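This is a predicted model, so every value here is computed, not measured. To find a chain, count down the sequence lines: A is the first, B the second, and so on, and within it residues start at 1. Note: hydrogens, waters and symmetry copies are ignored here, and every other heavy atom, side chains too, is used.
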Amino acid sequence: MATTGAEVPRVYGGAAGWISILIPVAIFAWLTQFLEPVAAGETVLLGVDWVPSMDIRLSLMIDGLSLTFALLISGIGALVTLYSTQYLGRHPEYPRFVLFLMLFMLGMLGLVLADNLIALFVFWEITTISSYLLIGFDSDSAKSRRSALQALLLTATGGLALLAGMIMLGAVAGSFELSVILGMGDEIRAHPLYLPILILFLAGAFTKSAQFPFHFWLPNAMAAPTPVSAYLHSATMVKAGVFLLARMNPALGGTEPWFWALVIAGGFTTVFASLLAVRQTDIKQVLAYTTLMALGALTLFIGAGTSDAIKAAMVFLVVHSLYKAALFLMIGLVDHETGTREVEELHGLARKMPVTFVAGALAAISMAGIPPLIGFIGKEFLYKAGLALDTAQLWVTGTIFAASVLMFVAAGISVARPFLGRLPDRLAGTHEGPAAMWIGPLTLGALGLVFGLSSDLAETWLVAPATWAVYGAETKVDLYLFREVNAAFLLSLATFAAGLVLYAAHRRLRAGMARAIEISPIRFDPAWDRLLDGLKALAAWQTGILQSGVLQRYMVTILATLAAAVAVTLWAQDALAPIEPGLAAQLAGLQLTHYAILGFICAGALLAAYTSSRMTAVAALGVVGVGVALIFIMFSAPDVAITQLLVETLTIVLVAVAMLKLPTLSLRTEARRPWHAALSVAVGGLVTLVLVGVLQGGLDRRLTDYFEAASWPEAYGRNIVNVILVDFRALDTFGEIAVVVIAALAAFALLRGTRTPRAGQEEGE
Amino acid sequence: MMNSVILNAATRLLVSLLVLFSIYMLLRGHNLPGGGFIGGLTGATGFVLYAIAHGTEATRAALRVEPQNIAMIGLGVALAAGVSAAIFGDAFFTGQWLFLGATEDDKGLPLSSVLVFDIGVYLVVFGSILTLVLALEEEV
């Protein structure tokens, strides 16, 4: 049995592995056909009528921005899934992993390609949920579960804010189609609801892209398997927030609040995150914090909003996706082969793992911004755009300079430290990883070199169309490696110099950072725990008050609320005066038989209220029920009367069965009885008044007339009640009987659930 | 379970009468007071009586099918009656009728998906009530 148990997942893993690679490859291939029209400045709109009667369409918008994102998602997706076949292929839950990863990928593709705000939101939430499942993939670990829940709660809260913002935006623009909304920027920005919409959109984008002060979930999310970190938490999902900002730029961007919110949050996150990156000793954590830095930089430059800034952001987007995914995959491979990611334990791996080293080095050189890789171009354009700003020039350029220096150091820590130097004896047995695992990082690293050397490729097909889409107009995009010595180039040289100095001293820098963090009073993770604990305490407190578990209290609460609400409404609307004559007329119309039944019911009710025997009380209530059934018969509603009688009978049987378990009515309850009786009379009296009032208003008989007329010719039935139940309103009835079954099964499960331990006791006796 | 000779003897007769009556109520429901809901309640009352007189084990044996299964089968029957309309190209839950032996003056024997739906309602109510009552009696 044990051997079959081990073999079955491997077989499934193989099939799942192939499927997981083929899907992104097929999508990538499909997307390449749009490169040419999009590079020519076209926006391709695709759509399928989904529910035409309700005007719901599944519509896709392929422009420069969405195509760039979609190509990165499917391309990196193919490499990451290939990598996963080796990294997790023998894991017993591998097919589940593939399912979550594919769910995420399709969600992310939908998010970037959607032409409809509501569709975008649905895909946005799919990425949130699949991210939760993937971070918590190692579900036996409490740390994984906590990190997953933290990410889910933060990003889903932001998602709710985003939904509210989208609904408001849709109402303002009169359409949920993005292609319409993006063309209405001036009207939206002038609308009084602009500021609330902006705040809600920023809440969604900042939580998703982990901008300060919502940054702390992202490093924790590294509890996920490495391919997930590489894919979701660096190259794709966390960029969804940035994507949203870029996508909405033509509609929401260009205002003062937009500028300052993005520039301040982005700039602060950039510096803060790159400082923390240098503090880490786990290389995966170093990369996690540099990802935060990149997201901050993207936010900063989208906020700055000039055509140069947007262009710089789009170059940096491509640059970062390539090198960061490569670095994550590299460190996963090192971890796979050596069993550690601690920077102090890894040295001199270059000779043992040459291919991994080349891949990692290409990515790290790009990250450090050294020519001739595309990372250099990315950094140059960031500097140039920062220097050319009219406002906040010093802030933007300063933060990006500080971040670039620290990025240089982080690149050194992530690749130079583990691969160069003397190989410790402990790692002497290390060997190169399997091809499936180095193809991904090597391809991505090499692409950084190719795009750097022939920058026209990236410019024509990706960066230029994306910049046009975000900026809202066609501008000149010209990428180049080097043309002249200018301020940006000098800043680059200063970056390298400062970076080299700091890298030489990075151990002291790390110790200093650790001390600074030690004395800092603000701790985000413990604060988050306190927030959750407070929330749980609040929930427990209010549940303790509202949910007493005593049926009597629930009844009193419900009936008292009903009575108070009806009484206040009657009084406030001054509705009593017109009811009075109606009540008199109704009383005058009563006949002897009516009085007899009334007396019958009242006698039953009084007996139920006064008796001290539970059995008598139940029987007395039965009398009341029969009296009500008699009223139904008298006013010709035989179906209702029969049902009432049968339900009364069954209720008595059920209560009689339960009777054995119930205590006798105690004297303690006696003091409450007058109050309960008063409440009952009040509720009964108020309901009577309302009913008399309703009768005075004259009933709308249109429905009754329709059913009376249509029942026989259309539904071949003379019993209107039944015809309505099983034909005209059959769907409602179906819902009701489904509820009946669910209630019966739930009660059955509850009763059986309490029975099992007792059955065990009986066996023991 | 009560050990009463009178109740035991009377129950045997009453149960069959109640079940027969419940089917009568179900079938006449479309034109006269009755229908699946009332029929199901009546039929369930019969078996509740049986359970009081002979105990739940005997009742489960007499039912042959577990009551919760009866309820779920009923839900399935009702759903099938609704979906059947789609086969004829109509919207969900459109009534489908067949008049056997219909002549100019007489509609003959009407058979319909509406009746099937009502049988589903009958089974749901019948099964759900018995699920509850039998479980309660066994538990308490």
Exercise. Quick one: of B:V133, B:L79, B:L134, who has the most non-hydrogen atom pairs under 4.5 Å with chain A?
Worked result: B:L79

For this session: Evaluate the side-chain contact (heavy atoms from CB on, under 4.5 Å) criterion for residues B:T131 and A:V741: first the C-alpha distance (whole Å), next the side-chain angles of each, then the deciding distance (0.1 Å), finally the verdict.
Result: CA-CA 9 Å; B:T131 304; A:V741 172; over 6 Å; no

Exercise. Does the pair A:N719 and B:H30 meet the rule for a side-chain contact (heavy atoms from CB on, under 4.5 Å), with working shown?
Worked result: CA-CA 5 Å; A:N719 179 358; B:H30 214 55; 5.9 Å; no

For this session: List the atom of B:N31, the atom of A:G717, and the distance in Å for their closest heavy-atom pair.
Result: OD1-CA, 3.4 Å

Seminar exercise, completed: Closest non-hydrogen contact found for A:F734 with B:F117 is N-CZ, 3.9 Å

Within the supplied structure, the quantity of interest is the number of heavy atoms (other residues, nucleotides, ligands) at a distance under 6.0 Å from [X] [atom1]; does it exceed 12?
{"X": "B:E57", "atom1": "CD", "answer": "no"}
{"X": "B:I6", "atom1": "CD1", "answer": "no"}
{"X": "B:F21", "atom1": "CZ", "answer": "no"}
{"X": "A:Y554", "atom1": "OH", "answer": "yes"}
{"X": "A:M615", "atom1": "CE", "answer": "no"}
{"X": "B:R60", "atom1": "CZ", "answer": "yes"}

Exercise. At what distance, to the nearest 0.5 angstrom, does OG of B:S128 lie from CD1 of A:I742?
Worked result: 10.0 Å

For this session: Would you mind checking which part of B:L115 comes under 4.5 Å of any heavy atom in chain A, side chain (CB onward), backbone (N, CA, C, O), both or neither?
Result: neither

Exercise. Is chain A contacted by the side chain of B:V48, its backbone, both, or neither, given a heavy-atom distance below 4.5 Å?
Worked result: side chain

Exercise. Among A:T649, A:V740, A:I737, A:T733, which has the most heavy-atom pairs under 4.5 Å with chain B?
Worked result: A:I737

For this session: With the side chain counted from C-beta on, respond yes when B:M25 and A:I642 share a heavy-atom pair under 4.5 Å apart, and no when they do not.
Result: yes

Exercise. Are B:M72 and A:L745 close enough that some pair of their side-chain heavy atoms sits under 4.5 Å apart?
Worked result: yes

Could you go through residues 32-47 of chain B and list every donor-acceptor pair under 3.5 Å that involves a side-chain atom there, pairing it with any protein atom two or more places apart or in another chain?
unit_1: B:T42; atom_1: OG1; unit_2: B:I38; atom_2: O; d: 2.7
unit_1: B:T45; atom_1: OG1; unit_2: B:L41; atom_2: O; d: 2.6

Exercise. Considering only heavy atoms, which portion of A:L725 lies under 4.5 Å from any heavy atom of chain B: side chain, backbone, both, or neither?
Worked result: backbone

Problem set entry | A:L731 portion near chain B, given a 4.5 angstrom heavy-atom threshold | both

